[in-house]
Amino acid sequence: MTPQQSIAERIWRFPNRMTALADVAKQVFDWMADLPLSSRAKYSTGLAVEEMASNIIKYGYDDEREHQILVRIAATRDLLEISFEDDGHPFDPTKHPSPDIERIVESRRAGGLGIELVRRICEKMIYTRDDSLNRLMLHIRRFEAHDTQLIPML
């Protein structure tokens, strides 16, 4: 696929703390509010940011030091490209096995479905490990098949 020109783009850099993620998640939704995106694309993007960044915060580090997480969202004509970058433990979510959903539901324990939810809402999920950095790229369609017209972005 040929890279598409970004129509709207924003970058957030924040510490590996849940309170910081909560602020960023709100900023992501506020930033997308005026963009011509389907409601589903906005919800999916917010969900992906919250799920993937919370996994980085919870499981990416063994120490209590502050580490930086970078999230970049670029809207192109056809999709939203979300990228994450962190210096946590190597972890490839594309290789993470699908959960046993029935067992999770029966256990009535919260959690365990985040990566699978993100996997299902994405058109594409690409992971690379460069030196000491995890890089994850997600593609989410801007519009759904039932959308009948494109909304121009200024």
Side-chain angles (χ1 to χ4, degrees), residues 1-61 63-89 91-94 96 99 104 109-130 132-154:
M1 180 166 79
T2 306
Q4 299 182 32
Q5 182 178 5
S6 176
I7 299 170
E9 183 175 341
R10 175 97 189 260
I11 296 173
W12 292 267
R13 186 178 302 272
F14 58 99
N16 58 324
R17 304 291 185 253
M18 289 303 234
T19 53
L21 173 56
D23 291 341
V24 167
K26 181 183 180 325
Q27 291 173 30
V28 166
F29 279 109
D30 289 347
W31 177 73
M32 289 189 299
D34 294 328
L35 293 178
L37 306 169
S38 67
S39 296
R40 182 172 177 167
K42 290 177 183 180
Y43 174 79
S44 296
T45 299
L47 175 69
V49 168
E50 289 182 33
E51 288 294 335
M52 300 314 289
S54 68
N55 279 349
I56 294 166
I57 293 167
K58 290 179 195 174
Y59 309 115
Y61 307 98
D63 59 47
E64 294 298 317
R65 290 183 312 134
E66 187 173 288
H67 297 266
Q68 293 294 303
I69 299 168
L70 181 133
V71 174
R72 177 186 152 271
I73 303 174
T76 68
R77 177 173 168 76
D78 299 320
L79 58 87
L80 285 153
E81 185 179 274
I82 309 161
S83 59
F84 299 84
E85 187 175 286
D86 68 88
D87 67 344
H89 302 300
F91 178 71
D92 182 352
T94 67
H96 189 69
I104 290 171
R109 184 178 51 89
L113 294 174
I115 292 172
E116 185 65 18
L117 285 172
V118 173
R119 188 180 291 147
R120 290 181 183 208
I121 62 175
C122 291
E123 294 284 311
K124 189 183 283 189
M125 180 184 273
I126 304 163
Y127 170 82
T128 58
R129 177 78 179 184
D130 297 320
S132 62
L133 295 176
N134 292 303
R135 291 194 169 104
L136 179 66
M137 176 78 65
L138 308 176
H139 288 174
I140 295 175
R141 284 195 325 206
R142 274 187 57 207
F143 299 97
E144 294 304 304
H146 65 272
D147 290 334
T148 58
Q149 67 185 58
L150 293 177
I151 302 169
M153 295 185 80
L154 302 175

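Along the sequence shown, residues are numbered consecutively beginning with 1.
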Residue pair F91 / N134: nearest heavy atoms and the distance that separates them: N-OD1, 3.3 Å
To the nearest 0.5 Å, atom CZ of R120 lies from atom CG of L47 at 12.5 Å
Keeping the roles fixed (side chain from D78, backbone from R142), state whether a donor-acceptor pair exists under 3.5 Å. no
Atom pair CZ/CE of F84 and M52 - distance to nearest 0.5 Å: 6.5 Å
Please report the C-alpha distance between S54 and M18 in whole Å, then the side-chain angles of each, then the deciding distance to 0.1 Å, and finally whether the side-chain contact (heavy atoms from CB on, under 4.5 Å) criterion is met. CA-CA 7 Å; S54 68; M18 289 303 234; 3.7 Å; yes
About how many Å separate OG of S83 and NE2 of H139, when rounded to the nearest 0.5 Å? 9.0 Å
Assign the ring pair H67 / Y61 to parallel, tilted or perpendicular, where the plane angle (0 to 90°) is split at 30° and 60°. parallel
Full working for side-chain contact (heavy atoms from CB on, under 4.5 Å) between V28 and V24: CA-CA 6 Å; V28 166; V24 167; 4.1 Å; yes
The reported gap from CE in M137 to CE in M125 (rounded to nearest 0.5 angstrom) is 12.5 Å
Considering all heavy atoms of both residues, which atom of R77 and which atom of I7 are nearest to each other, and what is their separation? N-CD1, 3.4 Å
Heavy-atom closest pair (S44 atom, I121 atom, distance to 0.1 Å) is O-CD1, 3.3 Å
So how far is it from M32 CE to T45 OG1, rounded to the nearest 0.5 Å? 5.0 Å
How about D34: does its CG atom have over 12 heavy atoms from other parts shown lying under 6.0 Å from it? no
In terms of heavy-atom contacts, I69 and A53 come closest through CD1-O, 4.5 Å
Would you name the heavy atoms of R65 and D63 that are closest together and state the gap between them? N-OD1, 3.1 Å
Among side-chain atoms of D92 and T94, is any donor-acceptor pair under 3.5 angstrom? yes
Quick check against the 3.5 Å criterion: does K42 have a side-chain atom that pairs as donor or acceptor with the backbone of F29? no
Looking at residues at least two apart in the chain, or sitting in another chain, which of them share a side chain to side chain donor-acceptor pair (under 3.5 Å) with R72? E9, E81
Do other residues, nucleotides or ligands put more than 12 heavy atoms under 6.0 Å from Y43 OH? no
With rounding to the nearest 0.5 Å, note down the distance linking CH2 in W12 to CG in L21. 12.0 Å
Main-chain N/O of P93 paired with R119 side-chain donor or acceptor, under 3.5 Å: yes
With side-chain contact (heavy atoms from CB on, under 4.5 Å) as the criterion, how do E66 and N16 come out once you've worked through the C-alpha distance, each side chain's angles and the decisive distance to 0.1 Å? CA-CA 6 Å; E66 187 173 288; N16 58 324; 4.1 Å; yes
Which residue, I140, L138, V49, forms the side-chain contact (heavy atoms from CB on, under 4.5 Å) with I73? V49
With side-chain contact (heavy atoms from CB on, under 4.5 Å) as the criterion, how do L79 and E123 come out once you've worked through the C-alpha distance, each side chain's angles and the decisive distance to 0.1 Å? CA-CA 9 Å; L79 58 87; E123 294 284 311; over 6 Å; no
